[in-house]
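Below, chains carry the letters A, B, ... as their sequence lines are ordered, and counting in each starts from 1. Note that these values count all heavy atoms, side chains included, but never hydrogens, waters or copies made by symmetry.
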There are 2 protein chains.
Amino acid sequence: MRHTSLTPRSDKMGKVDRKNQIRRNLILRALLDYGPKSLTDLAKITGMTLPVVSRTVSVLRREKLVIEPREKDTVQAGRPPSMVKLNGKAGFLLGIDIGRLFTNFIILDLETRIVSDTRRKSIPLSNDIGIIDELEKEIKVVLSLAGVEWSKLLGIGISLPGMVKGKEGLGETYFNFGDAPAREILSRRFDKPVHIEHDLEAMAFGERWFGAAKDVKNALCVNVGWGLGLGMILDGKVFYGEEGYAGEFGHIQVVRNGELCYCGKRGCLETVASGRAITKIARDRITKGASTIIVSEHKLTPDEIDTEAVVKGAARGDEFSIELLEDAGRYLGAGIAMLINLLNPALVILGGGIPTAAPSFLESVRAGAKKQSLVPLNRNVKFAVSSLGNKAGALGVAVYLAEDLFDVQRLNPSAYV
Amino acid sequence: MRHTSLTPRSDKMGKVDRKNQIRRNLILRALLDYGPKSLTDLAKITGMTLPVVSRTVSVLRREKLVIEPREKDTVQAGRPPSMVKLNGKAGFLLGIDIGRLFTNFIILDLETRIVSDTRRKSIPLSNDIGIIDELEKEIKVVLSLAGVEWSKLLGIGISLPGMVKGKEGLGETYFNFGDAPAREILSRRFDKPVHIEHDLEAMAFGERWFGAAKDVKNALCVNVGWGLGLGMILDGKVFYGEEGYAGEFGHIQVVRNGELCYCGKRGCLETVASGRAITKIARDRITKGASTIIVSEHKLTPDEIDTEAVVKGAARGDEFSIELLEDAGRYLGAGIAMLINLLNPALVILGGGIPTAAPSFLESVRAGAKKQSLVPLNRNVKFAVSSLGNKAGALGVAVYLAEDLFDVQRLNPSAYV
DNA sequence: TGAGAATAATTCAATGCTTTATTAAACTGA
DNA sequence: TCAGTTTAATAAAGCATTGAATTATTCTCA
């Protein structure tokens, strides 16, 4: 499973070797999380003693995995610390967020700086093993555009829609190639570590690393796109549930005997608060004779109305559109109120097309959520619109991968610590 | 914070001392979790080497904290292992589940065997510091009834209703004594470690240790008593949420513009599926002229009807009662369906008076839950009625306390491992 | 019945780690 | 300006840990 120079093969390691491995990862992980640090700080963060940190770092320095940062701002008294940071140039992380329409590629260096950020038309998602070839072609293109050598790539993280079992690296709706989990197949094919993740979990992870959920232990990421998704960060970790299916927020019932949902149930949240729902309701109402400038001015037929038209209409003050978005927001707010009551989060992040494009949407959601949740629980909840936009997923899997490369837990044999 | 002979004062320990402390706790915790084990097994479980386990155990043996179990069933070849187990007589754990009507006291020995199990009328719950005196009196009575010396008590776990911040040992609705968290005050007063826990979290923990949720990583414990409560075990740990308020399941809205709930909202799940709800609905319908044998045969006035009467009626085939319970069950099922969609649990446990007394209730709940949750998520969910009854809470805090006494994490300084 | 096989625990020398002391490098203030 | 202070890193000594070899105990089968 381990392929890069970062992590020597661990087939038959003694206890000392494994300890060294843990120490290396402990330091690399600390540098990944906290940025440049002195030996003393590293000792404090990792819980190791200074001599051990010193020795381990000197090995990492020799291997060019860590280097001394240039900027030396010595303001305090005492011997200036010899700072250490990850060597950005030592390797790169590729995060690929494959959506139904577009695929986002993000390359990070080891200092988690964005080296390249590419958006391309998606290869058609399927369970046909042939798509690996197409994916490889795309990756090669993206790498060459960014000027990153294949050999410098430390691993590949892939975010997929539909059902995914991240822990097992198994695609279910897509990338389900039968015999082995997608992670195994891709990992062998590319001869690099591969991490497969569900799109909303990846998004949640991205927000936790780069976005609004930084340093937040309990955050919910709600994505309002064509569908409705939820990624949960609970106790600082992405929550998967027993089988990896947690977060099916779009299909909880909010309208008794409501509209029929494509999942087979009635009155799902997704039938009243999602791009799909807004489009459908707008078309229905217009067909039934509702008058609105988004039809009269743009001369659109009902079939040409989509979420974008509604969002634009709302921005121009179109009552029809505003009402539509407000209704959806209130419903979503009611759904989020349940989440607040159940999970007592510190932060709710709204992502996806609608919250990003329509600033007032957040307010409807917040109002709905506050109205229907208990005060002790909603008192301190913060609401935010994702600042990462459609990059959250790709960023998320990229750092997921980094954490995987520097994973400490798996090396520790104890059941408890 | 540490008081017993189990855990030496840790004011100023070197790294070696702390390591030894961790090793001790690692072994004690393993014995707590897995029961009697050989040195070799302990080495495997804890990840330590045999010589280290051997030395540590010999110290623990000298301190009489662990002993050799009597039964020696040597069936296999080879030198028979020298088994080790916790010395049950070395100390006792007191778990107190303070309810609004009754208080359950459970004393466990270190082998987590129930030494005594007492149910007494509750002292009135309040924020008056005077109740500590009353509590102490009660504890003294329970201990003397059980023949357990005060000095042998390793600590006290207390489960409380209302709002509680378990991590901080802080009572909010009750046991809120102002200046310091209840844990600190009680701990100083009794000169023993004290653990404060929310009643539903304690119940969840009890189920995880002794009941249906044994070895289950993701389980939900729903308590249907006078109110409606939820304790969640996510990824093997009790989930608290950001501020410790998670699990307010009873106040998520299930009926739009429904009955007014005492929390101020309308249509809360608790207004249709709880002891309070069933009693209210039964009285309302009877007042409005509904005919049922639970009134005609027992000659009860509407005000004398309670949940118990309805449950008994249902057991005797009374259509009125059956329907009432079925409706409540279906509503609860719908609520649980949301939980299943959101959290993808492996197990849902129903506790409290109604599920315990009315066997058919589980079926209504299960049917409702299956109907309104997605198939991939509900396919493998198991439903069970709590087998621990009203003991779950007291058992839960008692072992919570044990885990606390043998806690490894807190001694480990590393941020990662 | 006793030698060998199997399993478990202990011993001990080599290795590695923690601790304490020392060196290094900068700032502070009389 | 220089001794004292502060902070950081390294060196060395003593002690704890590892891992291989040894001892211990029972079972199996000739």
Side-chain angles (χ1 to χ4, degrees), chain A residues 10 12-24 26-27 30-31 34 36-62 66-69 71-85 411-414 417, chain B residues 10 12-24 26-27 30-31 34 36-62 66-69 71-85 411-414 417:
Chain A
S10 61
K12 194 66 191 174
M13 291 198 298
K15 201 151 188 174
V16 174
D17 294 329
R18 194 158 55 230
K19 260 194 178 173
N20 268 320
Q21 182 76 37
I22 293 176
R23 274 196 280 263
R24 289 167 62 91
L26 223 36
I27 286 174
L31 292 173
Y34 298 97
K37 282 277 166 249
S38 69
L39 297 195
T40 313
D41 287 342
L42 284 175
K44 273 179 200 145
I45 294 171
T46 60
M48 304 190 280
T49 54
L50 248 169
V52 173
V53 172
S54 177
R55 179 159 45 75
T56 311
V57 165
S58 73
V59 174
L60 292 172
R61 254 200 263 259
R62 215 172 309 132
V66 303
I67 53 175
E68 191 135 357
E71 60 285 5
K72 282 200 169 186
D73 47 343
T74 45
V75 246
Q76 102 232 79
R79 173 175 174 173
S82 63
M83 303 295 279
V84 192
K85 68 163 188 173
L411 291 165
N412 197 320
S414 161
V417 188
Chain B
S10 60
K12 194 65 190 173
M13 290 198 298
K15 204 149 189 174
V16 174
D17 293 330
R18 194 160 53 229
K19 259 195 179 175
N20 268 320
Q21 183 75 36
I22 292 177
R23 274 197 280 265
R24 291 166 61 93
L26 224 35
I27 286 174
L31 292 172
Y34 297 97
K37 281 278 167 250
S38 69
L39 296 194
T40 314
D41 288 341
L42 284 175
K44 273 178 201 146
I45 294 171
T46 59
M48 304 192 279
T49 53
L50 250 169
V52 173
V53 172
S54 177
R55 178 159 44 77
T56 311
V57 166
S58 74
V59 173
L60 291 171
R61 255 200 262 258
R62 215 172 308 133
V66 302
I67 53 173
E68 192 137 355
E71 61 282 8
K72 282 201 169 186
D73 45 344
T74 45
V75 248
Q76 100 234 83
R79 172 174 175 171
S82 63
M83 303 295 280
V84 192
K85 68 163 190 173
L411 291 165
N412 196 321
S414 162
V417 189

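- Between B:Asn20 atom CG and D:dC15 atom C1' the separation is 12 Å, expressed in whole Å.
- The CD1 atom of B:Ile22 sits 12 Å away from the P atom of D:dT17 (whole-angstrom rounding).
- In terms of phosphate contacts, B:Arg23 brings no side-chain nitrogen or oxygen within less than 4.0 Å of OP1 or OP2 of D:dA16.
- Taking only side-chain atoms of A:Leu39, from C-beta outward, the nucleotide of C:dT18, D:dT10, C:dT10 with the closest atom is D:dT10.
- A:Pro81 has its side chain out of reach of A:Leu39: every pair of non-hydrogen atoms, C-beta onward, lies at least 4.5 Å apart.
- For the pair A:Leu50 CG and D:dA9 P, the interatomic distance rounds to 6 Å; values are reported in whole Å.
- Relative to the side chain of B:Val52, the nucleotides D:dT17, D:dA8, C:dT19 differ in distance, and D:dT17 lies closest.
- The nearest whole Å value for the distance from the CE atom in B:Met83 to the P atom in D:dT25 is 18 Å.
- Closest contact between the side chain of A:Arg55 and the listed nucleotides D:dA8, C:dC17, C:dA8 involves C:dC17.
- C:dA9 atom P lies 12 Å from atom CD1 of B:Ile27, rounded to whole Å.
- What you find for B:Pro36 and B:Lys85 is that their closest heavy atoms are CG-CB, 3.7 Å.
- For B:Ser82, the listed nucleotide lying nearest its side chain is C:dA9; candidates were D:dA8, D:dT18, C:dA9.
- For C:dT7, the OP1/OP2 oxygens have no side-chain nitrogen or oxygen of B:Thr40 closer than 4.0 Å.
- The shortest distance between the side-chain N/O atoms of B:Ser38 and the OP1/OP2 oxygens of C:dA8 is not below 4.0 Å.
- One finds no side-chain N or O of B:Ser54 lying less than 4.0 angstrom from the OP1 or OP2 phosphate oxygen of C:dA9.
- Between A:Leu31 and A:Lys37 the shortest heavy-atom distance is CD2-N, 4.1 Å.
- Using modelled atom types, one side-chain atom of B:Thr56 and one backbone atom of B:Val52 make a donor-acceptor pair closer than 3.5 Å.
- At least one donor-acceptor pair under 3.5 Å links the side chain of A:Thr46 to the backbone N or O of A:Leu42.
- Regarding A:Leu42, its CG atom lies at a distance of 13 Å from the P atom of D:dT10, rounded to whole Å.
- When the P atom of C:dA9 is taken as reference, atom NZ of B:Lys44 falls 10 Å away, rounded to whole Å.
- Closest to the side chain of B:Lys19, from the set C:dT18, C:dT10, D:dA9, is C:dT18.
- Side-chain proximity of B:Pro80 to the nucleotides D:dT18, C:dT10, D:dT25 is greatest for D:dT25.
- At whole-Å resolution of the value, CD in B:Glu68 and P in C:dA9 are 10 Å apart.
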